[in-house]
2 protein chains.
Amino acid sequence: MPDGAPKKPSRIQLRNRRTILDAALEVFSRHGYRGSTLDQIAGSAGLSKPNILYYFDGKEDIHVTLLNQLMETWLDPLRAMNAAGDPQAEILAYVQRKVDMARDLPRESRLFAGEILQGAPRMRPDLETGLRPLFDEKCNVIQGWIDAGRLPPLDPQHLIFSIWATTQHYADFEVQVNVLLPGEQDPHARASAHLQTMFGKLLAL
Amino acid sequence: MPDGAPKKPSRIQLRNRRTILDAALEVFSRHGYRGSTLDQIAGSAGLSKPNILYYFDGKEDIHVTLLNQLMETWLDPLRAMNAAGDPQAEILAYVQRKVDMARDLPRESRLFAGEILQGAPRMRPDLETGLRPLFDEKCNVIQGWIDAGRLPPLDPQHLIFSIWATTQHYADFEVQVNVLLPGEQDPHARASAHLQTMFGKLLAL
DNA sequence: TCGTGGATTTACCAAATGGTAAAATTTTTA
DNA sequence: TAAAAATTTTACCATTTGGTAAATCCACGA
């Protein structure tokens with residue numbers, strides 16, 4: 001029979017796969033792919049190493065699964081940018097969603113950053129097929145706003161890069177931020193205010 | 001005798017240590033600390049593995065040496081920001097120096113990013129003693145300019161974070177940038193223009 | 001409740017990797 | 001140039017690590 005019907009996974013399967021992926025996210029995001037060991041993941045998941053290999057084909061399988069899931073989450077905030085909305089409000093709302101994501105999903109941000117930093121060895125196809133079409137589409141939306149005189153002339157592509165860079169910075173460089181802002185209870189609140197101001201000025205007509 | 005006089009290193013020592021560090025920078029910046037092997041570094045340097053261990057005490061020694069050297073280079077552009085100069089010009093010149101650095105020293109940028117991303121396990125002391133005093137000093141300079149009415153009110157700390165994030169993005173996320181700007185011969189030129197515009201608007205009175 | 005298939009553990013293994021000892025070679029010095 | 005010092009290579013070793021085989025345990029439907 002063709003494996004078109006992979007049989008519904010049992011409750012245990014579902015629970016354990018989720019546990020493993022969560023543990024792996026924790027470990028991979030802190031130590032990178034090569035810096036993480038199956039023993040660490042197993043320990044963090046509270047399972048034995050062979051047990052983990054019962055649920056996944058290997059270390060790489062876990063990593064790839066994680067990256068694939070991540071791509072979906074990652075694109076959501078950009079997808080939500082609506083061409084029919086108000087340009088300034090849409091872009092500033094996008095900035096806010098990215099700030100919130102850096103605060104709420106720092107592990108995901110670091111996993112992604114680590115993968116890109118090392119040349120995206122396991123993710124380049126996903127970048128081409130998943131990210132790039134969406135990126136191009138939204139650049140066109142922004143360019144349309146500019147052409148309609150609803151935004152000042154600016155470089156849509158580099159605008160998006162700047163939004164990514166500034167927001168993800170608070171997750172990816174968290175340690176540095178904490179060293180430089182000691183005792184700050186909520187860096188993200190001030191970060192958010194600063195970024196809204198900065199991009200607000202950039203987008204003002 | 002106390003080792004206060006470590007004897008001047010020979011010509012060969014100097015050349016080989018430099019060769020090794022350059023090879024190590026190449027390898028570490030691409031694969032991270034754990035992802036790099038002494039064999040890779042040896043191969044890239046054109047030396048044998050034991051020969052490398054003749055010049056350095058071990059893998060970690062090479063990495064730490066590299067990070068210490070890097071910190072100096074890294075702080076230079078910020079050090080050059082002059083309290084006696086014109087605020088807008090000083091800050092925009094700083095942005096430009098950082099853009100140039102991302103273009104000319106991407107390996108150094110990625111090495112630094114990788115270290116911070118993983119929690120700065122070998123660099124935290126350097127951050128406290130090297131980076132933080134300078135950061136605080138320059139934040140005070142910027143705050144002084146604001147208080148003197150020479151800059152609009154803004155958050156000096158997060159301004160610097162934004163400069164770091166946007167400029168280093170082009171080195172650290174180079175692969176992603178290349179995927180999204182295919183066929184672009186010189187992304188840094190457009191990046192520079194965009195960042196000068198953006199920070200120019202932010203700093204305008 | 002008993003048997004069966006799924007889940008888990010125990011006991012391993014081969015390859016990779018950081019590192020060392022000592023011989024051999026080259027360079028420098030007297 | 002010959003001895004001494006510095007450099008490089010050869011041959012290893014111990015540990016770590018991703019992964020496997022097979023025995024054992026356990027949940028669940030007949």
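Because the structure is a prediction, the values reported are computed rather than measured. All heavy atoms count here, side chains included; hydrogens, waters and symmetry mates do not.
Near DNA chain C, meaning a heavy atom under 4.0 Å from it, residues 43-52 of chain B has B:Lys49, B:Pro50 in order of number. Only B:Asn16, listed by number, bring a heavy atom of residues 14-32 of chain B to less than 4.0 angstrom from any atom of DNA chain D. Within a heavy-atom distance below 4.0 Å of DNA chain C, the residues of residues 54-65 of chain A found are A:Tyr54, A:Tyr55.
Every residue two or more places apart in sequence or in another chain that forms a side chain to side chain donor-acceptor pair (under 3.5 Å) with A:Gln143 is listed here: A:Asp147. Looking at residues two or more places apart in sequence or on another chain, you find a ring pair (Phe, Tyr, Trp, His ring centres under 6.0 Å) between B:Phe135 and B:Phe161, B:Trp164.
By the 4.0 Å N-to-carboxylate-O rule, A:Asp126 lies too far from A:Arg132 to be salt-bridged with it. With respect to the salt-bridge test (charged N to carboxylate O, under 4.0 angstrom), the residues B:Asp172 and B:Arg110 do not qualify. Taking a cutoff of 4.0 Å between a charged side-chain nitrogen and a carboxylate oxygen, B:Arg124 and B:Glu128 do not qualify as a salt bridge. The pair A:Arg103-A:Asp100 meets the salt-bridge criterion, since a charged nitrogen lies less than 4.0 angstrom from a carboxylate oxygen.
A:Leu38 comes within contact range of the sugar-phosphate backbone alone, with a heavy-atom separation under 4.0 Å but no base atom that close.
Within the structure, ring-ring contact (aromatic ring centres under 6.0 Å, His included) contacts touching residues 98-131 of chain B (residues at least two apart or in different chains) are B:Trp74-B:Phe112.
We find that CD of A:Gln40 is positioned 13 Å from P of D:dT16, with the value rounded to whole Å. B:Leu53 has its CG atom 13 Å from the C1' atom of D:dT9, to the nearest Å.
Residue A:Arg34 has a polar side-chain atom (N or O) positioned under 4.0 Å from OP1 or OP2 of C:dT17.
Side chains of A:His31 and B:Arg34: no donor on one and acceptor on the other come within 3.5 Å.
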